[in-house]
Amino acid sequence: MPPDSFSVPTVIAFAVLVLALAGVVILHMRVRRHLAQVSGQLVQARQAQEHLTHETSARNQRLVQAERQAQDGAKALLEARAQQDLVRAETEHLIAKRIPALLSHLRTPHVIVPGVQNQALAGTDVDKQHRAILDAFARGVRDEGERIDEAAQAVVRGAMSRVQTQALRAQDLLADLQQRYSGDEHTALLREVLGLDMYNELIIRRAQVTGIACGATPGLSRDDTYLVDLVMGAISRVENFELRIEGPANHLRRRIGVAARAAESTLFVTAELLANAVHHSHGTLKVTIAVHETNNGAAIVIDDAGVGLNEDLYARATQFLSGVHPVRLVDLGNPPRTGWAAIGRQVAHYGMQVTAKKSAFGGVQAVLSIPTALLVEMPEDSRPSVLAPEPVRATVPTAATAIRPQPVAASRPDPVASSVRPEPTAAFRQESPAAPEPRRDSAEDLAPLPQRRRQPPRAASGSRRTGSSDSAAGEVLTSPEEARKRWGDFQVGAEAGRREALPPQQHDFTEGN
């Protein structure tokens with residue numbers, strides 16, 4: 001076979017082989033490319049699956065978290081509703097219980113304001129806010145109460161000032177009537193005038209104490225006045241004083257008076273203490289009063305055998321009588337008892353002191369202490385009133401002296417002066433036996449205060465000294481006891497006239513305290 005014919009098939013075969021190889025290579029490449037694509041897709045699918053798995057896991061976590069949050073929200077909602085119900089119940093307790101209790105506490109401090117209803121709220125913001133509400137409410141009520149009380153006190157002060165002014169004018173008119181119709185032919189009229197005068201005096205004192213309790217002044221002014229005269233004036237301001245008050249016992253040793261600025265206040269305080277003692281004592285029990293000199297001034301001691309006071313009333317009396325704490329009209333009760341409040345205002349203003357304690361008779365002993373700064377030494381040329389008691393002697397007189405009073409000259413230490421003293425004239429012997437005794441100037445007297453004891457006429461004394469029994473037999477001796485009895489009978493008769501002129505009245509519940 002020729003070479004050319006051998007090579008052609010070979011070439012063809014080779015070419016076919018090459019083409020086959022090329023096709024295989026191409027196919028292999030295509031397969032590899034396809035495999036690469038499939039592998040890439042598989043990777044993408046895996047990645048997508050992983051991403052989907054992660055998202056599914058995250059979604060599940062979010063779902064669990066959402067479920068947990070929903071549960072927590074529901075629980076918080078329940079707790080919020082429970083807390084809201086608790087706060088609502090506590091607020092209702094605040095409105096229904098605590099605020100009314102606070103109002104009662106502001107009126108009567110012994111009422112206790114309750115705390116929170118649920119102790120779980122103690123110390124929380126709700127408790128603090130409720131306390132702030134109560135404090136603000138209390139301040140508002142106090143401020144408004146003080147404003148209203150001040151306005152009411154101003155009204156009462158103005159009204160009592162007018163009443164007191166008119167009553168004082170009526171007192172002047174009644175005094176003028178007593179002077180003009182003091183004769184025996186006007187006895188019935190004088191009895192009526194005396195009854196009206198006592199009524200008017202009680203009106204003045206009631207208007208005065210009401211005004212002073214509301215911040216007014218006593219409304220009267222005096223000069224420097226003997227302390228015993230102020231006590232006598234205070235006694236005369238009490239109804240039925242001659243039957244209910246015993247005294248005063250004058251234990252002063254000097255001519256002690258009260259300065260003009262505090263004279264009326266001292267009289268007022270003493271009168272109110274006496275009225276309070278008489279008001280709380282039985283009609284047959286007497287109130288005693290005594291005047292003493294102390295190291296720090298003077299003291300007026302008032303004892304009664306009345307019903308006394310319990311511990312709460314003693315505490316109330318101490319609070320009012322000290323004058324330290326402000327007093328409102330609502331604190332005076334119904335009907336209002338203004339005595340202690342008015343006394344406290346005067347005591348605090350002038351630096352005096354009033355103490356109340358249980359007396360030896362089971363009642364109350366009230367002591368008015370007047371400091372030395374308010375006392376004055378009265379001048380020698382002045383004298384207390386004729387009704388003022390003389391000082392109580394430090395020593396008890398002997399039996400002979402008590403049975404037979406001696407004349408003034410017999411008590412003097414100089415016998416020569418007594419023997420040469422001329423006998424009193426007939427004109428002096430004809431003097432009324434009840435005439436007041438001249439002031440003793442003996443060194444044995446306890447104080448320079450004038451002595452008011454009444455002595456027998458000096459003519460009878462002189463006849464006894466000279467031994468003239470005939471002259472002595474013709475004289476009617478008047479002892480101090482007889483003179484005192486006559487004066488007492490006169491006072492009793494005058495008071496009986498007052499009582500007959502006054503119609504029967506119901507008990508005055510505004511007296512005392």
Glu293 vs Ile256, test: side chain to side chain contact (heavy atoms under 4.5 Å, CB included). Steps then yes/no.
CA-CA 9 Å; Glu293 185 176 359; Ile256 294 179; 3.5 Å; yes
Residues Asp135, Arg139; criterion salt bridge (Lys or Arg N to Asp or Glu O under 4.0 Å); working and verdict
CA-CA 6 Å; Asp135 293 340; Arg139 285 194 301 270; 5.2 Å; no
Let me see the working for Arg147 and Glu144 under salt bridge (Lys or Arg N to Asp or Glu O under 4.0 Å), right down to the final yes or no.
CA-CA 5 Å; Arg147 187 186 69 82; Glu144 186 65 16; 2.5 Å; yes
Under the side chain to side chain donor-acceptor pair (under 3.5 Å) criterion, do Ser382 and Tyr226 qualify, and how do the steps go?
CA-CA 9 Å; Ser382 64; Tyr226 278 95; 3.0 Å; yes
Using the side chain to side chain contact (heavy atoms under 4.5 Å, CB included) rule, take Val287 and Ser281 through it: C-alpha gap first, then chi angles, then the decisive distance, then the call.
CA-CA 8 Å; Val287 175; Ser281 300; 4.1 Å; yes
Show your reasoning for whether side chain to side chain contact (heavy atoms under 4.5 Å, CB included) applies to Ile300 and Leu230.
CA-CA 11 Å; Ile300 301 174; Leu230 294 177; over 6 Å; no
Before giving the answer on side chain to side chain contact (heavy atoms under 4.5 Å, CB included), spell out for His130 and Thr91 the whole-Å C-alpha distance, their side-chain angles and the decisive distance to 0.1 Å.
CA-CA 8 Å; His130 285 188; Thr91 304; 3.8 Å; yes
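The CD atom of Glu239 lies 11.0 Å from the CD1 atom of Ile245; values are rounded to the nearest 0.5 Å. Taking CZ of Arg261 as the reference point, atom NE2 of His349 lies at 9.5 Å (rounded to 0.5 Å). Note that the CD atom of Glu242 and the NZ atom of Lys286 stand 8.5 Å from one another [nearest 0.5 Å]. Separation of atoms CD (Glu201) and CG (Leu168) is listed at 9.0 Å; rounding is to 0.5 Å. We find the OG1-CD distance between Thr217 and Gln164 to be 7.5 Å, quoted to the nearest 0.5 Å. The distance from the CG atom of Asp143 to the CD1 atom of Ile148 is 11.0 Å, given to the nearest 0.5 Å.
Note: Phe320 and Trp340 have tilted aromatic rings, judged against thresholds of 30 and 60 degrees for the angle between ring planes.
Put simply, the side chain of Arg98 reaches to within 4.5 Å of the side chain of Val116, judged on heavy atoms. Between His280 and Leu309 the shortest side-chain heavy-atom distance does not fall below 4.5 Å. Within the 4.5 Å cutoff, the side chain of Thr270 has no heavy atoms near those of the Leu267 side chain. You'll find the side chain of Thr225 stays beyond 4.5 Å of the side chain of Val258, heavy atoms only. Val347 has its side chain out of reach of Leu321: every pair of non-hydrogen atoms, C-beta onward, lies at least 4.5 Å apart. Contact of the Asp149 side chain with the Glu146 side chain is not registered, since no non-hydrogen atoms from C-beta on lie closer than 4.5 Å. Using a 4.5 Å heavy-atom cutoff, the side chains of Leu227 and Ile370 are in contact. Using a 4.5 Å cut-off on side-chain heavy atoms (C-beta onward), Val367 and Gln353 make no contact.
The environment of CZ in Arg180 is crowded: more than 12 heavy-atom neighbours from other residues, nucleotides or ligands sit within 6.0 Å. At most 12 non-hydrogen atoms from other residues, nucleotides or ligands lie less than 6.0 angstrom from CG of Asp223. Counting non-hydrogen atoms of neighbouring residues, nucleotides and ligands closer than 6.0 angstrom, the OH atom of Tyr181 reaches no more than 12 such neighbours.
At least one donor-acceptor pair closer than 3.5 Å links the side chain of Arg345 to the backbone N or O of Ala213. Panel note: side chain Ser369, backbone Ala299; no donor-acceptor pair is recorded below 3.5 Å. With hydrogens and angles disregarded, a donor-acceptor distance shorter than 3.5 Å links the side chain of His93 to the backbone of Gly115. Here the side chain of Asp224 pairs a donor or acceptor atom with the backbone of Ala260 at under 3.5 angstrom. Side-chain N or O atoms of Asp303 include none that pairs as donor or acceptor with a backbone N or O of Thr288 at under 3.5 Å.
Asp229 and Ser385 share a side-chain donor-acceptor pair at under 3.5 Å. For the residue pair Gln208 and Glu264, a side-chain donor N or O sits within less than 3.5 Å of a side-chain acceptor on the partner.
Residues Tyr314 and Gly363 share a closest heavy-atom pair of OH-O, 3.9 Å. Closest non-hydrogen pair, Ser359 versus Val364, comes out as OG-N, 3.5 Å. In terms of heavy atoms, Pro248 sits closest to Pro389 at O-CG, 3.5 Å. The shortest non-hydrogen separation linking Thr210 to Val156 is CG2-CG1, 3.6 Å. Among all heavy-atom pairs drawn from Ile112 and Ala101, the shortest one is O-CB, 4.1 Å. When all heavy atoms of Gln171 and Asp197 are compared, the pair lying nearest together is CG-OD1, 4.3 Å.
Taking 4.0 Å as the cut-off between side-chain N and carboxylate O, Arg205 and Glu272 count as a salt-bridged pair.
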